[in-house]
K.L.:
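Sharing a structure below in structure tokens format, with a few things to ask.
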Amino acid sequence: MAGAILVTGADGYLGRLLVRRLLDSTDVELILAVRARDRAEMCAKQAGMAATLSGGEGRVRWAAADLVAEHPFADVDPAGVGAILHSAAVTRFNVDEETAQRVNVDGTRRVLAFARRCRRLERVCVVGTVYASGLRAGPIEETALDDSAGFANAYERSKWAAEQLLVRECADLPWRLCRAATVVADDEHGHVTQQNAVHNTLKLLFHGLLSLIPGLPGVPVYCVTGELVVQAVLASLTAPDDARIVHACHTREESLTLGELVDAAFGVFEAEEVFRSRRILRPLFADARSFELLAGAVRGFGAGIVSQAVGSVAPFARQLFVAKALDNRRLRAVLPAYVAPDPKRLVERTCADLVRTRWGAPALERPA
Amino acid sequence: MTPVFVDHVGVALGGRAETVEEAADGGRTRSPAAALREAGFVRHHVCERGESAYVLACRAVQPIRAALAGVGAIVYATCLPHNGNVGSEAAFRDTRDVKHLMDFPASRLQADFGLERAAVFGLSQQACTGTLGALRIAAALLRDEGGIGRALCVTADRFPDGALYEQAYNLVSDGAAACVVSLDQGAFRLLACHAITNGALSLASDDEAVGHYFAYSHRLIEETLAKAGLTIDDIGWVVPQNMNVTAWRIFARLLGIDFERVAFPTLPEAAHVISADNLLNLARITEEGRVQPGERVMLVMSGFGLNWQCVILERT
């Protein structure tokens, strides 16, 4: 790499994993772009990443970059940038349309505009999501997607729209797109340092606050480790043009169904005396309309736990009725050593970690 | 199995009716009035000062007095255990004599209604499901003891002064209900009773109670149907407790039944009458002629404890 690698969202979950891996496996300089309103926030973020950067401090520069600003990379010299890893995004499933547009779409547009100013740029790799495929069922290839099936939430739509910027407007850029599946753990040992809607749902089930979940038990649920996503993103840096888009996921045959995932989780939960003694039953699967009714009914009762519980599941509920068959042939091509983990074991280990820590506050600096 | 019948339902509600807005303004709810209206509640009933649970019980029994001849047992259920004593706490404190804590309403009822032959049984640990527990005990007594013949089942509760009248996001009313369980032919033949208790959740919060509702209610119904040798398609009417109407819109879908077959017509005006809901609703749909001979009616109830109970009846 002729220049430094600019990592957006460097203090985010995937950003940290990418930075750590780049420090460990390359000698390239890194420019860590993080959102910071002022010097104090920047200092706090730098301090928060001290463990991530251990041993690599001399190779790291920082840049305050808010993607919603008109020129987020004003402090970065484009001449020194050889590659960009764009991992910054709002990834909450319940993000509102406006925020999703401003950060995920307009922010990506600004990253790409900056990329055009980088004369030595060899690669700009955008971290996307397999859920940019929206509510499309059936085969999902590692190719450009249309929006004809619609989306479950504004997050998905915004990530699809960001992809469109690459596909339609960036023929002049050496772009790559890595669509990640749902990250459930850092690694195959099931360590969890960043919790998302999946972990929250498991927590609600563990505490008996959700006896109804939306979805069809036979729908595949695509879970991956942060480790796989990092491998896929970094492989994209050197991927050939016929692998512009790769899926950081496992195939349908290598993944659990929703019903199998719930069974695996309860298998772990039921090994816990405190859970077993409460005789919490496995949830019932509700159709989409039933879950909509439930979400609507509890919404009126304010911010109670049930309302929060249902509200956290509702934004991605529609996906749990959509049977996708994700393709990952290009991933396999750029990762020759690819081996899918045992999906049940991954879920079991993840659940065991969550139970052990009782879904404690995210320990972002926990060593791998 | 010896056939047992359920008939002669009487009901009574607390003397003062107020709208959900009045209840909310009076500090008797946690949730806003609009949310409770959205849930289907319009008004509820609270006892006037001096109107005890026992007074409600008598008012529920009075209309069916003519059917009480030969009653050999009274099964008296209360949701709140303190409603199982009409004695004076003050008298106990003054005298330190615990008999003031054992002034039982079932005994009073036996005396006040002249039911000298009736043995009395109190049921106070099944919360809102107590009425269905009373039906089960009455049926078992009738089947096992030849001399009883008929039993009076009663439930009566009023909340203590100052209590919130909202439980698990449902608006509550003070009230009572009574019915006769008999070996003689009656309006409904009792086909099956079933109960599930999860004592580990006895101190469940409202949210936990709601969280467990669907899975446990579903299991309860499946097990009751299996006991009766029936399927859900054999059930003509489901008569649940008066609770958030949307919960049963959802549950009907889970069970695969038409929501039109879920009957809780007293919900808006009566609210959740603690353990009396099933009998209130059963009486209403019977009066309206909605239940045809041969149709089966499933009574479903959940309550703290946590308890779930279900009874299947068949219209004669």
K.L.:
Going through the distances and angles, do A/F291 and B/R253 end up as a side chain to side chain contact (heavy atoms under 4.5 Å, CB included)?
P.N.:
CA-CA 10 Å; A/F291 199 77; B/R253 296 174 70 89; over 6 Å; no
K.L.:
Work out which heavy atom in B/A200 is nearest to a heavy atom in A/S277; give both atom names and the distance.
P.N.:
CB-O, 2.9 Å
K.L.:
Distance-only, no hydrogens or angles: does the A/S211 side chain make a donor-acceptor pair with backbone N or O of B/G211 under 3.5 Å?
P.N.:
yes
K.L.:
I need the minimum non-hydrogen distance between A/R282 and B/A215, along with the two atoms involved.
P.N.:
O-CB, 3.9 Å
K.L.:
For A/K344, does the NZ atom sit with more than 12 other heavy atoms under 6.0 Å from it, leaving out its own atoms?
P.N.:
no
K.L.:
Taking atom CG of A/L284 and atom CZ of B/F214, what is their separation to the nearest 0.5 Å?
P.N.:
9.0 Å
K.L.:
Looking at A/L281, is its backbone amide N or carbonyl O close enough to the side chain of B/R219 to form a donor-acceptor pair, meaning the two atoms are under 3.5 Å apart?
P.N.:
no
K.L.:
If we define contacts as heavy-atom pairs under 4.5 Å, which of A/V310, A/L204, A/I280 has the most with chain B?
P.N.:
A/I280
K.L.:
Would you compute the distance between atom OG1 of B/T246 and atom CD of A/E292 and round it to the nearest 0.5 angstrom?
P.N.:
12.5 Å
K.L.:
Is it the side chain or the backbone of B/E208 that comes within 4.5 Å of chain A heavy atoms, both, or neither?
P.N.:
both
K.L.:
Considering all heavy atoms of both residues, which atom of A/G208 and which atom of B/H212 are nearest to each other, and what is their separation?
P.N.:
O-NE2, 3.5 Å
K.L.:
Closest approach of B/I250 and A/L293, non-hydrogen atoms and distance?
P.N.:
CG1-CB, 3.7 Å
K.L.:
Kindly determine whether B/L254 and A/D287 satisfy side chain to side chain contact (heavy atoms under 4.5 Å, CB included), including the steps that lead there.
P.N.:
CA-CA 8 Å; B/L254 292 172; A/D287 62 25; over 6 Å; no
K.L.:
With chain A, which of B/N244, B/D207, B/V210 has the greatest number of heavy-atom pairs at distances under 4.5 Å?
P.N.:
B/D207
K.L.:
Measure B/N198 against the heavy atoms of chain A and call it side chain, backbone, both or neither at under 4.5 Å.
P.N.:
both
K.L.:
Heavy-atom cut-off 4.5 Å, strictly under: side chain, backbone, both or neither for A/F285 against chain B?
P.N.:
backbone
K.L.:
Crowded around B/R16 CZ? As in, over 12 foreign heavy atoms under 6.0 Å?
P.N.:
yes
K.L.:
Would you say that more than 12 heavy atoms from the other residues, nucleotides or ligands in this model lie under 6.0 Å from the CD of B/E38, or not?
P.N.:
no
K.L.:
So does A/E260 have more than 12 non-hydrogen atoms from other groups sitting under 6.0 Å from CD?
P.N.:
yes
